[in-house]
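Order of the sequence lines fixes the chain letters, A, B, ..., with proteins taken first and strands second; residue numbering starts at 1 for each chain. Heavy-atom basis, side chains included; hydrogens, waters and symmetry copies ignored.
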Amino acid sequence: MVRHPLSKTANKYLRKFKKWPHSPYKTSWHHNFGEQQAMQILKQATIEMDSSQQPQRHNLQYPFLLSTLLDSFKGYSCDPTPKAYYFVIKTLTDSFQLHDIPPILDHLEQVEKFETPEFIFVYLIRFYGNVDRVQDAVHLFFRIPRFRCTPTVCSLNLILSLLCRKKECLKMVPQILLKSQHMNIRIEESTFQVLIKALCRIKRVDYAIKILNCMIEDGYGLDSTICSLIISSLCEQKDLTSVEALVVWGEMRKLGFCPSVMEYTNMIRFLVKEGRGMDALDILNQMKEGGIKPDIVCYTMVLSGTVAEGKYEKLDELFDEILIFGLIPDVYTYNVYINGLCKQNNVDEALKIVAYMDELGCKPNVVTYNTLLVALCLVGELSKARGLMKEMGLKGVELNLHTYRIMLDGLVGKGEISEACIFLEEMLEKCFYPRSSTFDNIIFQLCQKGLINEAMELTKKTVAKSFAPGASTWEALLLNSGSELRYSDTIFSGLLSTN
DNA sequence: GTAGGGTTAG
């Protein structure tokens with residue numbers, strides 16, 4: 001930047017070489033006054049333009065606002081200021097007169113001599129990005145030096161975040177990074193942050209991790225916000241496996257990353273979902289070692305992970321630990337523990353826990369009962385299951401679709417076909433449909449017993465409820481219908497009319 | 001000081 005050699009207060013936009021010396025009356029005060037007046041005229045012109053007066057083209061070569069700008073400053077013998085250009089550009093973007101922007105930029109580049117402040121480009125690039133004109137944004141970014149402006153990491157970060165917003169623009173990122181080197185822009189930690197954030201947002205955690213590795217290789221410190229972002233994105237996606245996630249986690253930890261409750265929780269949830277209960281347990285232990293007391297939610301997730309992996313000794317150990325640490329198990333925790341007991345065929349113990357829950361003021365819910373019903377039906381304890389269903393009703397626990405399906409499967413599984421049929425009708429009344437395989441099974445069993453008419457009737461009833469039985473039902477009916485094929489004809493037409 | 005995250009079922 002060229003400064004007036006004699007005065008620090010000299011206006012930085014003055015041309016260095018003037019043809020004429022300043023008039024003794026033209027002081028800096030006059031100058032500022034002139035600039036202010038010129039701006040006033042420009043602003044006034046904009047207001048008039050807004051109030052639907054057709055812009056008059058003073059000079060056909062230039063857009064109205066540009067010629068107004070030039071004329072008004074000329075009228076006060078001042079050079080146009082960057083502020084004036086910014087004002088014009090902002091006015092044009094606000095009113096979406098995008099076609100007038102290029103000539104203004106051309107003029108700014110070719111005629112003006114001042115060092116254009118970067119914020120003008122930052123503004124325009126952001127605007128182009130917001131109106132989906134990424135290509136214009138990129139061109140302007142590359143063009144910045146031609147405006148006698150040295151772009152900084154601000155412009156770079158901005159253009160990168162715009163490009164990362166869209167998948168199809170991602171491929172331009174390396175080119176921009178390369179070019180920014182030639183433009184002498186020094187990449188900063190913030191640049192990596194921009195890239196990583198953008199990549200996480202578009203769910204490309206794999207790329208985000210690569211960038212993180214580049215950062216580390218370049219000697220940048222590990223930023224906890226970035227790590228946290230990567231971990232949470234990692235846990236939300238499906239492309240990277242839990243093993244890969246654990247590698248990233250391990251590397252971050254090696255580099256000194258101290259996860260917070262949120263990261264631990266995210267990791268535990270992700271690992272449990274991926275069926276890696278023991279790894280989740282490992283994270284829980286890391287949490288404790290890191291001085292963070294896991295809460296009941298973390299424990300509950302890990303408990304369910306141990307049940308899923310069948311590590312029942314760990315289940316008991318952890319449940320004890322919860323109590324030792326003074327945490328209070330809630331219905332979620334008990335449900336997981338009860339499920340664990342049921343999986344070990346220890347339904348009696350599970351039933352005891354349910355009674356115990358009541359004593360502790362923790363009400364069993366529909367999940368608790370469904371878990372128990374599954375276990376009872378599995379071992380054929382249908383009467384106990386029926387009793388439990390009654391208990392649900394008495395305790396005001398509402399039966400849901402799963403409750404009915406579990407019971408129906410229990411009845412069918414035990415060959416209690418006539419009770420199953422009655423139960424199914426009850427279900428249909430409430431618009432609870434059985435699993436298609438269960439229905440097929442019922443029809444198959446009815447047909448096997450020679451109860452073809454009953455099978456037909458049941459099918460008709462279900463079809464009437466807009467429930468479409470599976471192929472096996474039709475097959476069973478057709479194979480067994482013999483001379484009564486006409487019945488199935490009516491069923492078919494019933495099905496067709498309901499669809 | 002906060003919330004939210006967690007359970008069953010094929």
Item to check | Pair A:Trp249 + A:Phe270: ring centers closer than 6.0 Å | outcome: no
Next on the checklist: Is the terminal nitrogen or CZ of A:Arg204 (NZ for Lys, CZ for Arg) located under 6.0 angstrom from the six-membered ring centre of A:Tyr207 and within 45° of that ring's axis?
Outcome noted: yes
Item to check | Step-by-step ring-ring contact (aromatic ring centres under 6.0 Å, His included) determination, A:Phe423 to A:Tyr404 | outcome: CA-CA 8 Å; A:Phe423 193 80; A:Tyr404 282 100; 5.6 Å; yes
Checklist entry - Looking just at side-chain N and O atoms, do A:Tyr332 and A:Ser304 make a donor-acceptor pair shorter than 3.5 Å? => result no
Checklist entry - Do A:Phe192 and A:Tyr220 make the cut of ring centroids closer than 6.0 angstrom? => result yes
Item to check | Annotated protein contacts, base or backbone, on nucleotides 2-9 of chain B with a non-hydrogen cut-off under 4.0 Å, one of B, S, - each | outcome: --BBBBBB
